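Note on naming: letters A, B, ... go to the chains in the order of the sequence lines (proteins, then strands), and numbering restarts at 1 for each one. A quick note: this is a predicted structure, and the numbers were derived from the prediction, not measured.
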There are 2 protein chains.
Amino acid sequence: MEKQHYTRDDMAGLLRGHGINPTHQRIEIAYALFSRQEHLSADQIMAIVNDRHSETSKATVYNTLNLFKLHKLVREVIVDPSKVFYDPNTGPHHHFYNLQSGELIDIDARDVQIQGLPALPTGMVTEGVDVIIRIRPQHT
Amino acid sequence: MEKQHYTRDDMAGLLRGHGINPTHQRIEIAYALFSRQEHLSADQIMAIVNDRHSETSKATVYNTLNLFKLHKLVREVIVDPSKVFYDPNTGPHHHFYNLQSGELIDIDARDVQIQGLPALPTGMVTEGVDVIIRIRPQHT
DNA sequence: TGATTTGTTAGACAAAGTCCAAACATTGGC
DNA sequence: GCCAATGTTTGGACTTTGTCTAACAAATCA
Ligand SMILES: [Mn+2]
Ligand SMILES: [Mn+2]
Ligand SMILES: [Zn+2]
Ligand SMILES: [Zn+2]
């Protein structure tokens, strides 16, 4: 279970804990992701952060998301060919992907076992296992 | 096992079998994919097809790949945020994705079982299950 | 044949994402 | 407080993938 109510101060602490200088922009971007616990695109994050008044530029949104990714504070989810989703849940988990609405739903990986995978090519190690279950409304 | 040596005539027959008019461009694009049995991007396909002399435009490459996708002659593989790969293998299978080289390796889905997945949200049906194992060379 | 349908094309366009140099902010030494 | 060094943000140019459009060409039909 994730904490339910994050404050901007929590975000500052989180960033400091990763050796990241908690600037106003970084805090707002982290807050957008962690306070909602949703899968958001860079564009959506920028819209949320700049909702009331302009807080950050596009360049900073991308810089910051790439910085967070580097520190494994967020994870990328690649399911839509046209945009990346950023995921504040960095624990091992998989996804349902609603092809109609674009919505992503988390599946805890502890409940899931995958059997019968072939051995890795020699000299290779696993960086991550993604299971994506593409779903759509019945019938059509 | 897939057939090993496809001819352009095989491609014409394949397309006719799906009710697709086998034009020169469509045959070349199908041949690029099926004769190699590789995972190729639209850009790579265009480069292959236009290697000797100009055969097709960018618009036709995309039109044709979308047409093939509609007829389930090819499948899209979404692993790289910057481009789609087209896969001539439409049977149920998964992928190793080499993060360093960008190479995709097929994993037959008949060997793999996935257990412990939660029930689908009500009113939803599964359109497909993708397992992507991101791998990289050991150590770094 | 002329008319209609089907397929291809160049190039304009859109959207996601990167890059850069300039501007701005923060810090620590003096 | 002032200065320099360092770190951060920014607008806008740029790149890449992919779509769209309107014109053209080829094939099919009457
Ligand atoms: Mn503000
Ligand atoms: Mn030719
Ligand atoms: Zn998630
Ligand atoms: Zn494949």
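Comparing A:N21 and B:Y86 by the nucleotide of DNA chain D that holds the closest heavy atom to each, the one mapping nearer the 5' end is A:N21.
For B:T60, no side-chain nitrogen or oxygen approaches OP1 or OP2 of C:dT8 to under 4.0 Å. Between A:S82 and the phosphate of C:dA16, there is no side-chain N or O to OP1/OP2 separation shorter than 4.0 Å. Contact between the side-chain N/O atoms of B:Y62 and the OP1/OP2 oxygens of D:dT19 is not found at any separation under 4.0 Å. The side chain of A:T56 places no N or O atom within less than 4.0 Å of a non-bridging phosphate oxygen (OP1 or OP2) of D:dT9.
In this structure, A:I27 places its CD1 atom 15 Å from C1' of D:dT9, rounding to the nearest Å. Taking atom CD of A:E55 as the reference point, atom P of D:dG11 lies 13 Å away to the nearest angstrom. Between A:M46 atom CE and D:dT9 atom P there is a gap of 13 Å when expressed in whole angstrom units. When the C1' atom of C:dA15 is taken as reference, atom CD of A:Q44 falls 14 Å away, rounded to whole Å. When the C1' atom of C:dT18 is taken as reference, atom NZ of A:K69 falls 12 Å away, rounded to whole Å. One interatomic measurement links the two molecules: CG of B:L67 to P of C:dT6, which rounds to 13 Å at whole-angstrom precision. Nucleotide D:dG18 holds its P atom 8 Å from the CG atom of B:D43, rounded to whole Å. One can place CD1 of B:I20 at 18 Å from P of D:dA27, the figure rounded to the nearest angstrom.
Picking from C:dG17, C:dT8, D:dG18 the nucleotide with the shortest atom distance to the side chain of A:K58 gives C:dG17. Candidate nucleotides C:dG11, D:dT10, C:dT8 were compared by shortest atom distance to the side chain of B:A59, and C:dG11 ranks first.
With respect to A:D130 and B:R134, a salt bridge is recorded, a charged nitrogen being found less than 4.0 Å from a carboxylate O.
In this structure, B:N66 reaches the sugar-phosphate backbone alone: every heavy-atom distance under 4.0 Å involves primed, P, OP1 or OP2 atoms, never a base. Nucleic acid contact for A:T23: sugar-phosphate only, since backbone atoms but no base atoms lie under 4.0 Å from a heavy atom of the residue. Nucleic acid contact class of A:N63 (heavy atoms, under 4.0 Å, all strands): base.
For the pair B:R8 and B:Y31, the cation-pi test (distance below 6.0 Å, angle within 45°) is passed.
Counting only distance, with no hydrogens or angles, the side chain of A:D108 and the backbone of A:H93 share no donor-acceptor pair below 3.5 Å.
Considering all non-hydrogen atoms of both residues, B:S57 and B:M46 come closest at C-CE, 3.9 Å.
Within 6.0 Å of atom CD in A:Q100, 12 or fewer heavy atoms from other residues, nucleotides or ligands are found, so the atom counts as exposed in its surroundings.
Side-chain N/O atoms of A:K83 and base N/O atoms of C:dG17 include no donor-acceptor pair closer than 3.5 Å.
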